[in-house]
Amino acid sequence: LSGRMVYAWAPGGEALELPAEAGFPMEGTVHYMVQIHYNNAQHLENQTDSTGVDFCTTADLRANDADVMAFGSVKFQIPAHGTLDTSCDYTVPQSMSDVTMFVAMPHMHQIGRSMETHLTPKAGTPPVDLGTQPAWDFQTQSWFPISAKVKAGDTISTRCVWENPGSNTVKFGENTADEMCFSFTMYYPRMKNVAW
């Protein structure tokens, strides 16, 4: 099963309204898949959930198709009773030049301590914050408005810091007990034939 990410929600997330100049296209026969990660560590019975998703659609197309990309890493191991501070850089290719980034959601799990993503323009102008969480809180994850137009040769840097109090090494994974280091970023115009 393959597809494109349209939205992500995590604890503390709120509704998101796209800017007037961009929207997600509905192409051909569209199916939306909602992926939910439950963590019932105490194995409580008869738990209920009111999770839901609402999409607003329109026949009045917006000027730009939006999309989502992710900056970060899947290659890390946080040692037992230890810390890890890792950074990764992405150099913007020509095919991505003039893309406008308008909202970002930094995402880690429970042993995250801080996360930052910033754009360093090749032109030498000051860096642009693309979502910084100096004191990570798993319970307050949300989409943050950003404003950045990228150019070929710019660098996008993501840094994640963890502190592992447990007795097992923690690696990348989708379970809450695993960890992540992603800055989900919405942008326009959508780049064709690009998989993130």
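Atoms considered below: every heavy atom in the structure, side chains included; atoms not considered: hydrogens, waters and symmetry mates.
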Any side-chain heavy atom of [X] within less than 4.5 Å of one from [Y]?
| X | Y | answer |
| --- | --- | --- |
| M186 | L16 | yes |
| P165 | I111 | yes |
| M96 | I156 | yes |

Quick one: pull up [atom1] in [X] and [atom2] in [Y] and give me the separation to the nearest 0.5 Å.
| X | Y | atom1 | atom2 | answer |
| --- | --- | --- | --- | --- |
| F144 | T132 | CZ | OG1 | 9.5 Å |
| D137 | M108 | CG | CE | 12.0 Å |
| K149 | T100 | NZ | OG1 | 4.5 Å |
| R190 | M69 | CZ | CE | 12.0 Å |
| E163 | S114 | CD | OG | 10.5 Å |
| L130 | T120 | CG | OG1 | 9.0 Å |

Tell me whether V161 shares a hydrophobic cluster with L84, the cluster being built from Ile, Leu, Val, Met, Phe, Trp, Tyr side chains joined at under 4.5 Å.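 Unlinked, V161 and L84 end up in two clusters.
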For the backbone of [Y] and the side chain of [X], can you confirm whether one donor and one acceptor N or O come within less than 3.5 Å of each other?
| X | Y | value |
| --- | --- | --- |
| Q47 | L44 | no |
| H118 | P127 | no |
| W136 | H109 | yes |
| D154 | V92 | no |
| Q141 | M105 | no |
| D129 | G131 | yes |

With sequence neighbours excluded, give me every ring pair (Phe, Tyr, Trp, His ring centres under 6.0 Å) pair touching residues 152-181. F76-W162, F172-F182
Answer yes if the side chains of Y187 and D67 hold a donor-acceptor pair under 3.5 Å, and no otherwise.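 Yes.
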Would you please say whether a donor-acceptor pair under 3.5 Å links the side chains of S183 and T158? no
Show, in sequence, the C-alpha distance, side-chain angles and deciding distance for K122 and T155, and conclude whether the side-chain contact (heavy atoms from CB on, under 4.5 Å) test is met. CA-CA 7 Å; K122 182 181 178 181; T155 302; over 6 Å; no
Tell me whether K151 is salt-bridged to D98, with the criterion being a basic N under 4.0 Å from an acidic carboxylate O.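 Yes, K151 and D98 are salt-bridged.
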Using the ring of each side chain (for Trp, its six-membered ring), is F184 parallel, tilted or perpendicular to W143, with breaks at 30° and 60°?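 Taking W143 first and then F184, their aromatic rings sit tilted (interplane angle of 30° to 60°).
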Can you give me the closest heavy-atom contact between [X] and [Y], atom names plus distance?
| X | Y | value |
| --- | --- | --- |
| A66 | Y188 | CA-CB, 4.2 Å |
| N64 | P189 | OD1-CB, 3.9 Å |
| C160 | M115 | SG-CG, 3.8 Å |
| A148 | V128 | CB-CG1, 4.1 Å |
| K171 | D178 | O-CB, 3.5 Å |
| A104 | T185 | CB-OG1, 4.0 Å |

Checking F24 now: which residues fulfil ring-ring contact (aromatic ring centres under 6.0 Å, His included) with it, not counting sequence neighbours? none
Worked check of side-chain hydrogen bond (donor to acceptor under 3.5 Å, both in side chains) between D89 and S157: CA-CA 4 Å; D89 294 336; S157 303; 2.6 Å; yes
Decide yes or no on side-chain contact (heavy atoms from CB on, under 4.5 Å) for N164 and H81, but give the supporting numbers first. CA-CA 5 Å; N164 182 1; H81 306 291; over 6 Å; no
